[in-house]
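These numbers were taken from a predicted model, which means no experiment stands behind them.
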2 protein chains.
Amino acid sequence: MAQLKLQPEEMVQTEIYAKFFHGLSNPTRLRIVEILLDGEKNVSQLVEATGATQSQVSNQLACLKWCGYVTSRQEGKYVLYRISDERVRTLLQLAKAIVADNAEHIRCCTRM
Amino acid sequence: MAQLKLQPEEMVQTEIYAKFFHGLSNPTRLRIVEILLDGEKNVSQLVEATGATQSQVSNQLACLKWCGYVTSRQEGKYVLYRISDERVRTLLQLAKAIVADNAEHIRCCTRM
DNA sequence: ATGATATATTAAGGTATCATGATACAAGAA
DNA sequence: TTCTTGTATCATGATACCTTAATATATCAT
């Protein structure tokens, strides 16, 4: 039996944090976050900037929103997304700094 | 067609960072990292502390090692693991701080 | 109202990841 | 050597995740 998804009530702290990190574990989602760190964007702009499909972007934005990385507001027919917490910028910078000395290692990882 | 794993050469920066975050996206792996932040441990101690199987712990340690989170050294018949970069502690603290105001949101996330 | 554009949601299929169990490897003791 | 303990690897099966395509919803213009 593989990993069984827990019900919200039985999810403990560690699982919540793991889920939070999972938010940044997908290249498309991470790219979206990076782009939004440059400023508020609507979905079409994100589609353009990422090269992903509209459906993909919308779905990943939903994930990011659930995880608390982004918030959105409607403006006319557009929906504008932005980073909800400036500390996300620091988080990414820190991760990049840590990765810096290990990039080649991670690149070659075949275990996940 | 779902996600196709890229060859190391064609993996770009964003994918490397995503992979790095993926390292912390599994509860068992994250727990191991948290435990190791308390000090060097051997595999058996980690099995004991996490409640996971030996196989599971070894496998996840391999992932964490590839990602550069931990390093290991042999000492007699034991293999001791430790956090390879103290900044990982900061990374976790920062993540927890960001999550703090969004825990309930993340807990209920059904999109991933 | 209808049509056009922007975004969200859903279902289906394929791939990646994970847990399990078995097995292999390594080091020390007898 | 064999036995024991500690650790790593591998194959299998099950679940989770991602992508795609279709469809639904929303807003604005006509």
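- Atom CD in B:E15 sits about 13 Å away from atom P in C:dA16, given to the nearest Å.
- In this structure, A:R73 atom CZ and C:dA8 atom P are separated by 14 Å, rounded to whole Å.
- When distances are taken from the side chain of A:K77 to each of C:dA6, C:dT7, D:dC18, the shortest belongs to C:dA6.
- Within residues 31-52 of chain A, the residues having any heavy atom closer than 4.0 Å to DNA chain C are, in order of number, A:N42, A:V43, A:S44.
- To the nearest angstrom, C1' of D:dC17 lies 13 Å from NZ of A:K19.
- Note on the helix from C:dA1-D:dT30 to C:dA30-D:dT1: angle between the axes of the first and last five pairs equals 10°, rounded to 10 degrees.
- Atoms CD (A:E75) and C1' (C:dT5) sit 16 Å apart, rounded to a whole Å.
- Between A:V33 and the options A:L24, A:T28, A:L91, a side chain to side chain contact (heavy atoms under 4.5 Å, CB included) holds for only A:L24.
- In terms of phosphate contacts, B:Q74 brings no side-chain nitrogen or oxygen within less than 4.0 Å of OP1 or OP2 of C:dA26.
- Across all their heavy atoms, B:V57 and B:A52 have their closest contact at CG2-CB, 3.9 Å.
- For residues 45-64 of chain B, no residue pair satisfies the salt bridge (Lys or Arg N to Asp or Glu O under 4.0 Å) rule, not counting sequence neighbours.
- Phosphate proximity of C:dA6 to A:Y81: absent, as no side-chain N or O sits under 4.0 Å from OP1 or OP2.
- Checked against D:dC17, D:dC10, D:dT20, the side chain of B:N59 finds its nearest nucleotide in D:dC10.
- For B:N26, whose side chain is taken as the heavy atoms from C-beta onward, the closest listed nucleotide among C:dC18, D:dA8, D:dC28 is C:dC18.
- Between B:K65 atom NZ and D:dA8 atom P there is a gap of 7 Å when expressed in whole angstrom units.
- Put simply, NE2 on A:H22 is 10 Å from P on C:dT17, counting in whole angstrom units.
- For B:Q56, a side-chain nitrogen or oxygen approaches OP1 or OP2 of C:dA19 to under 4.0 Å.
- Taking A:Y69 as the reference, A:F20 meet the ring-ring contact (aromatic ring centres under 6.0 Å, His included) condition, with sequence neighbours excluded.
- The residue from A:K41, A:K96, A:R29 that alone fulfils the salt bridge (Lys or Arg N to Asp or Glu O under 4.0 Å) condition with A:E34 is A:K96.
- Distance B:W66 CH2 to D:dA8 P: 14 Å, rounded to the nearest Å.
- The backbone N or O of B:P27 sits nowhere less than 3.5 Å from a side-chain atom of A:T14 that would complete a donor-acceptor pair.
- Annotation: side chain to side chain donor-acceptor pair (under 3.5 Å) contacts of B:E40 (sequence neighbours excluded): B:R73.
- Note on ring orientation: taking the six-membered ring where Trp is involved, the planes of A:F21 and B:F21 are parallel (angle under 30°, cut-offs 30° and 60°).
- No donor-acceptor contact under 3.5 Å links the side chain of A:S55 to the base of D:dT19.
- The salt bridge (charged side-chain N to carboxylate O under 4.0 Å, His left out) search around B:K77 returns none, not counting sequence neighbours.
- Residues B:R89 and B:L37 approach most closely at NH2-O, 3.1 Å, considering heavy atoms.
- Summarising the geometry, the separation between CG on B:L61 and P on D:dT9 is reported as 11 Å, rounded to the nearest angstrom.
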